[in-house]
Amino acid sequence: MTVTRRLSAPFGSQLDRKQTFEFEFEGKILTAIAGDSIASALAANGHWILSRSFKYHRPRGVLSMAGQDANTLVRVNGLPNCLADCTLVGPGMVVHGQNYSGGLRRDRMALLGWLSRFLPVAFYYRAFYWPRNAWNIWYRLFRKVTGLGAIDPAHVAPRHDKQYQFCDVAVIGAGRSGMQKALAEAARGRQVLLLDENNLMGGSLRYTRASVDAAAELRTLEELIDAVSREVHIDVMTSAVVNGLYTDRWLSAVKGRRMLKIRAGQVALCTGALEQHALFHNNDLPGVMLGSASQRLIKFFGVRPGQRAVVLAGNDQAYGVVLDMLDAGIDVAMVVDMRQHVSSEERCIAVRQAGVEILTGHAVFAAQGHDHIKSVEIRELNADGKCHGPTRSVDCDLLAVSVGVMPAWQLACQAGAELVYEDNNAAFSIRGLPEGVEVAGSAAGVPSGMNHPWPIVAHPKGKEFVDFDEDLQIADIINAVNEGYEHVQLVKRYSTCGMGPSQGRHSALATARLVASETGRTVAETGVTTARPPFAPESLAHLAGRSFYPERHTAMHQRHLQAGAEMLPAGTWYRPARYGTDTDTVALEASHVRKGVGMIDVSTLGGIEVRGPDAVEFLERIYTWVFRKLPIGQSRYALMTNEAGVVIDDGVACRLAENEFYVTATTGGVDNVFRKMLQWNAQWALDVDLANVTSAWAAVNVAGPLAREVLQAAGTDVALDSDAFPFMAVRIGQLAGIPVRVIRVGFVGELGYEIHVPAHYGEALWDALMEHGAPMGIAAFGVEAQRLLRLEKGHVIVGQDTDAMTTPAELQMSWAVGKKKPFFVGQRSLQILNERPDGRVLAGFMIGDTAAPMPKECHLVFANGEPVGRVTSSAFSPALDCVIGLAYLPAADSAPGAQFTIHCDGGQQVQARVAALPFYDPAGERQKS
Amino acid sequence: MNSNVTRGALIERRSFIQHWHEQAGACFSAGTNCQLVQHYGHPKEESDACSELALADLSMIPRWGLKGRGAEAQLNSRGLRVPPNHGFAQSQDDTNLLCRLTPEEFLWLGISEAGLQDPQTHESVNNAWFLPRADSHCWFLLSGRQTPHMFSRICGIDMRPERFENTQVALSSVARLNAIVIRADVGGQLRFHLLADSSSADYLWHCLLDTMSEFGGKPVGLSAYGMIR
């Protein structure tokens with residue numbers, strides 16, 4: 001017999017019946033109507049099983065039809081864990097159930113349900129750890145069967161991004177109270193952002209039946225929506241789930257592929273209430289759903305949730321459900337009302353007048369069926385709320401449960417408020433909201449009469465599920481308490497109740513009631529577990545969103561790319577590592593510098609202007625060496641230590657005028673150096689101005705025996721001969737028509753000129769030097785060649801050759817520390833450290849065996865079988881034709897000629913010999929030439 | 001020091017995103033030692049885009065900074081109208097802008113003055129210190145009614161016209177870069193000047209282009225704003 005499940009209009013308010021299309025579910029082609037959710041389309045096609053439960057692989061179907069439970073998690077077009085009751089179905093969509101083995105309807109793993117008595121709560125905490133190492137075997141099995149959904153590694157998430165949003169008032173929830181609140185605030189001239197997780201405004205007005213006169217409710221809804229739509233001060237944002245409410249009314253919300261970060265002057269929580277389930281045997285069978293779910297199916301999607309229904313009632317709202325069912329042509333076999341008396345409310349009267357059988361003082365003891373409910377067993381409730389007496393069985397294919405609601409308290413809880421429960425009437429309220437946050441409507445509280453105080457019926461065979469996400473039954477909660485976890489927060493963590501995707505929306509209250517009962521406390525005393533963000537599941541794509549990763553390029557960046565440079569990240573900068581991919585590229589670049597002339601882009605070096613009457617005094621305090629007598633037009637090495645005497649940066653300080661210095665710093669260290677400078681001068685209050693001008697200057701280092709010729713050829717008004725422009729001097733002038741600052745420094749150990757120009761001229765400078773240097777054979781060299789060249793010269797790189805303990809003495813740089821200065825940062829610490837017995841020293845080493853493996857940074861140095869140090873730098877030196885490096889050694893063992901052992905990759909041991917620094921040109925004649 | 005040198009013919013200064021301009025088919029006009037983007041081949045469309053959402057590179061137009069406790073007096077002595085409050089800009093008679101970033105730090109946009117502009121001659125004058133903003137910062141101009149919406153994707157400041165008033169200045173983060181944002185409407189057209197670290201100009205320019213694409217925004221040359229001089 002063909003069953004017609006679709007209802008004609010006016011049912012199905014969200015459907016566009018003119019558009020139908022096909023989609024695929026579990027390999028079957030089905031038909032949907034535009035506006036259908038996946039779940040409603042499946043229900044219309046008679047498919048009620050959407051997925052399998054996490055632990056026992058029980059069949060699960062529609063529960064809330066509102067995205068509030070994990071029953072409807074499906075895989076859509078390869079994307080796992082999509083909520084089928086919220087996700088609109090689209091043409092050609094491919095949908096699969098989740099968490100099954102073999103088939104959704106015939107899941108082999110469902111056998112676990114038969115073993116449930118052997119798998120009590122937290123069994124995994126105690127099992128599988130014996131015999132010894134057994135866990136290593138078990139976990140492989142568990143990896144295969146745990147987890148919800150399967151990730152497609154090939155899936156590429158479409159673009160997600162983030163957006164800031166601002167408003168005077170953010171109203172969360174566009175139901176009756178939300179719309180009224182928004183209108184009231186807008187009337188005061190305030191800009192309101194009205195958000196709702198549903199795609200249409202109206203909230204429960206759209207699906208519940210608050211009175212017999214459904215038309216009157218519809219008019220109220222239309223009037224409110226019309227008023228909101230006409231109000232210019234209200235921005236409406238539907239399909240937007242507010243997931244977090246943080247300090248100072250900072251809200252996070254997800255809308256489609258966008259995460260919104262909303263700053264609101266005031267927040268009104270009109271989030272409504274969440275209908276709660278009842279506990280009885282097989283309360284998770286497909287066909288058992290919340291009353292509101294059946295109403296949503298009928299009114300939103302025009303789907304008849306069943307042909308013959310039983311309604312389990314705990315309040316008057318259930319009778320509204322019955323009225324809607326009757327309107328939809330559903331045969332309501334019986335209302336099982338857990339209350340002793342039916343109220344005289346108009347809906348109850350209407351149901352009675354419709355001839356529906358109402359059985360008061362009874363409860364559903366069990367639902368029966370395999371893949372779908374076929375009947376319910378009903379028993380009488382005694383005064384203690386327990387079932388007794390004979391069982392009455394009623395055939396049905398739908399059991400709608402309407403026994404209570406709970407405020408949607410999660411956002412209020414995130415804001416710091418407390419959910420208050422009154423044991424005498426099962427009412428809820430919210431208290432303790434921070435300033436600027438308020439609640440309205442059902443979110444503010446649930447009055448007396450809405451909640452049945454004990455909709456819990458234990459069954460000898462169990463399977464009365466408290467938490468559907470984790471397949472937790474009544475016995476699991478009770479066992480947790482009996483294990484000694486009496487606090488509801490401990491019960492949560494021990495049992496994992498409320499830790500699944502639905503975050504306790506339907507289990508928190510039931511758990512609190514069970515814990516209260518077992519511990520002899522009230523529910524109010526027991527409380528519910530804490531609700532934390534996010535309210536609804538967020539995808540990693542949302543969190544990642546559109547991320548911003550700033551990059552810094554020098555003015556010559558394009559030239560490097562055009563020259564085939566392999567770019568190397570250095571913090572946020574990108575530097576040319578080498579120009580080419582041949583194995584000997586670096587050696588060739590280095591050789592070019594040693595024998596001819598090379599050029600490297602050093603724009604990333606930090607640049608700090610230190611200016612003012614106290615500029616010299618400032619440098620005297622911030623750096624270890626002395627600058628007071630440094631002549632104008634000269635530069636000096638500048639070593640910086642922190643309060644502990646540890647080397648944290650180095651550079652060169654150039655005196656441009658009496659009270660003006662240009663100080664360079666390392667690429668990665670300049671921001672910290674500048675911050676430290678500001679921090680110290682905030683205390684010293686010296687009359688000095690500090691400016692980080694790193695990006696304002698582009699710079700190159702032209703190095704090699706022919707460097708002077710290159711500058712000369714480019715044309716300059718700076719006298720370049722050694723007498724006029726000696727080593728470590730600074731000059732200001734022009735080069736190739738460009739304003740320049742030129743520093744004669746030699747990091748690579750050759751005649752060298754560091755040329756600094758305003759950043760806009762950087763590329764022009766590069767072009768000019770390349771052009772005029774061509775006759776001299778100038779070639780660019782990268783960072784790797786520079787590192788090799790400086791190693792040959794024995795220069796350290798702060799950060800690579802130093803660590804968080806390194807002092808100047810360990811670097812053999814005591815010469816860079818002013819002994820007679822009254823103060824510098826770190827001086828006192830160094831005085832103390834220098835009094836201590838010899839520690840370690842950064843020493844140079846050479847390896848004579850050309851066949852020996854190359855040591856790497858952080859390979860250990862051993863002496864007498866004990867680790868005594870480590871390698872910080874090493875490379876093969878073309879100039880010296882052997883491997884050279886730097887390593888920390890005990891000071892006593894660091895004399896030139898001393899032998900030591902380095903443990904290399906694979907445990908290979910290499911003998912090294914301490915060598916005096918620098919390895920290359922020890923007299924420094926080349927750089928001073 | 002050999003600082004009193006005779007300047008030769010300066011070769012071109014280049015925009016931090018010169019490469020992009022060239023690839024985008026920009027038509028250039030000559031500026032002071034530099035090239036200015038006139039348009040990208042569609043002057044009419046670019047002009048029309050300015051009222052909706054447009055982005056221009058002003059990085060080759062002069063600007064400088066001055067800071068220190070003597071900065072305000074220094075600016076006053078030059079006859080400039082100094083904004084009384086920090087966080088605001090003051091339009092000058094010639095429509096250029098003087099922005100007060102902090103109580104003692106100023107940013108001048110759009111004028112060249114000998115001695116203050118040249119980074120080589122930044123001696124202190126009465127506790128006022130020159131800052132080479134023309135080189136340390138790129139300078140982009142965003143205009144049109146969609147600009148606040150575009151900013152909402154990359155900046156946490158509320159740039160809606162009713163909240164971020166004309167001449168207001170924000171020191172904030174834009175696409176995770178420290179940035180200066182100045183609202184300076186012209187003829188009722190919503191305009192924002194955006195300045196950020198020059199070394200990240202290429203990154204920021206592409207971020208802006210990407211973000212603007214949602215709103216149909218486009219890059220425009222300076223002729224779209226009538227700024228070619």
Side-chain angles (χ1 to χ4, degrees), chain A residues 161-166 191 261 263 546-555 557-558 572-573 603-604 609 611-613 632-633 656-657 659-660 687 689 691-698 715 717-719 724 730-734 736-741 758-764 767-768, chain B residues 1-3 5-16 18-19 33-34 59-60 65 67-68 118-120 122-124 127 129-137 149 151-160 162-163 174-177 196-204 207 210-211 214:
Chain A
D161 73 354
K162 292 172 182 160
Q163 178 183 332
Y164 295 93
Q165 189 94 16
F166 306 90
Q191 197 63 39
K261 296 186 273 192
R263 179 72 74 186
R546 183 190 179 202
S547 295
F548 296 101
Y549 298 101
E551 291 182 5
R552 301 179 77 180
H553 296 166
T554 72
H557 186 80
Q558 292 301 325
T572 50
W573 285 104
S603 306
T604 63
E609 302 272 7
R611 309 172 286 196
I632 296 170
L656 304 179
N659 294 326
E660 184 182 346
D687 190 1
D689 177 75
N692 185 345
V693 293
T694 299
S695 294
W697 294 89
D717 55 3
V718 175
V730 183
R731 296 291 180 267
I732 293 176
Q734 283 183 53
I738 300 169
V740 292
R741 289 175 179 175
H760 272 124
Y761 289 104
E763 192 175 81
D767 290 347
Chain B
M1 290 296 289
N2 187 12
S3 57
V5 298
T6 304
R7 294 285 150 84
L10 297 182
I11 61 174
E12 281 180 348
R13 294 182 297 126
R14 293 172 194 175
S15 165
F16 304 109
Q18 179 80 15
H19 177 73
N33 307 318
C34 65
S59 294
M60 300 317 297
K67 71 167 180 169
D118 188 346
Q120 300 294 312
H122 50 86
E123 292 287 338
S124 160
N127 290 303
W129 303 99
F130 178 87
L131 290 171
R133 297 290 194 188
D135 288 285
S136 66
H137 283 64
H149 302 296
F151 264 119
S152 75
R153 309 294 194 263
I154 54 176
C155 179
I157 302 287
D158 188 354
M159 297 290 183
R160 289 177 297 163
E162 65 272 24
R163 294 305 161 103
V174 174
R176 281 188 68 200
L177 279 183
D197 191 289
S198 59
S199 64
S200 294
D202 188 59
Y203 158 80
L204 182 59
C207 275
D210 182 45
T211 309
E214 180 183 344

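Letters A, B, ... are given to chains in the order of the sequence lines, protein chains preceding strands, and every chain is numbered from 1. As a basis for the values below, the full set of heavy atoms in this structure was taken, side chains included, without hydrogen atoms, waters or symmetry mates.
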B:W129 vs A:E609, test: side-chain contact (heavy atoms from CB on, under 4.5 Å). Steps then yes/no.
CA-CA 10 Å; B:W129 303 99; A:E609 302 272 7; over 6 Å; no
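Heavy atoms closer than 4.5 Å to chain B are found nowhere in A:Q165, neither backbone nor side chain. Interface residue B:C155: only backbone heavy atoms are found under 4.5 Å from chain A. With a threshold of 4.5 angstrom between heavy atoms, A:D767 approaches chain B through side-chain atoms but not through N, CA, C or O. A:E763 touches chain B through backbone and side chain together, each having a heavy atom under 4.5 Å away. Looking at B:I157, the atoms closer than 4.5 Å to chain A (heavy atoms on both sides) all sit in the backbone: N, CA, C or O. In this structure, the portion of B:D202 lying under 4.5 Å from any heavy atom of chain A is its side chain and not its backbone. Of the atoms belonging to B:R163, it is side-chain heavy atoms, and not backbone ones, that fall under 4.5 Å from chain A.
B:S200 contributes a side-chain N or O that, together with a main-chain N or O of A:E551, makes up a donor-acceptor pair within less than 3.5 Å.
Residues satisfying the side-chain hydrogen bond (donor to acceptor under 3.5 Å, both in side chains) test with A:R546, not counting sequence neighbours, are B:D210, B:T211. Residues forming a side-chain hydrogen bond (donor to acceptor under 3.5 Å, both in side chains) with B:S59 (at least two apart in sequence, or on another chain): B:D57.
Between chain B and the options A:H760, A:R263, A:Q191, A:K261, heavy-atom pairs under 4.5 Å are most frequent for A:H760. Your options are B:A201, B:C207, B:G156, and the one with the most heavy-atom pairs under 4.5 Å with chain A is B:G156. When each of B:E162, B:K67, B:R153, B:Q18 is checked for heavy-atom pairs under 4.5 Å with chain A, B:R153 comes out on top.
Residues B:Y203 and A:T572 form no side-chain contact, since every pair of their non-hydrogen atoms from C-beta on lies 4.5 Å or further apart.
One finds the CH2 atom of A:W697 at 12.5 Å from the OG atom of B:S198 (value rounded to the nearest 0.5 Å).
Closest approach of A:Y549 and B:R176 over heavy atoms only: CD2-NH1, 4.0 Å.
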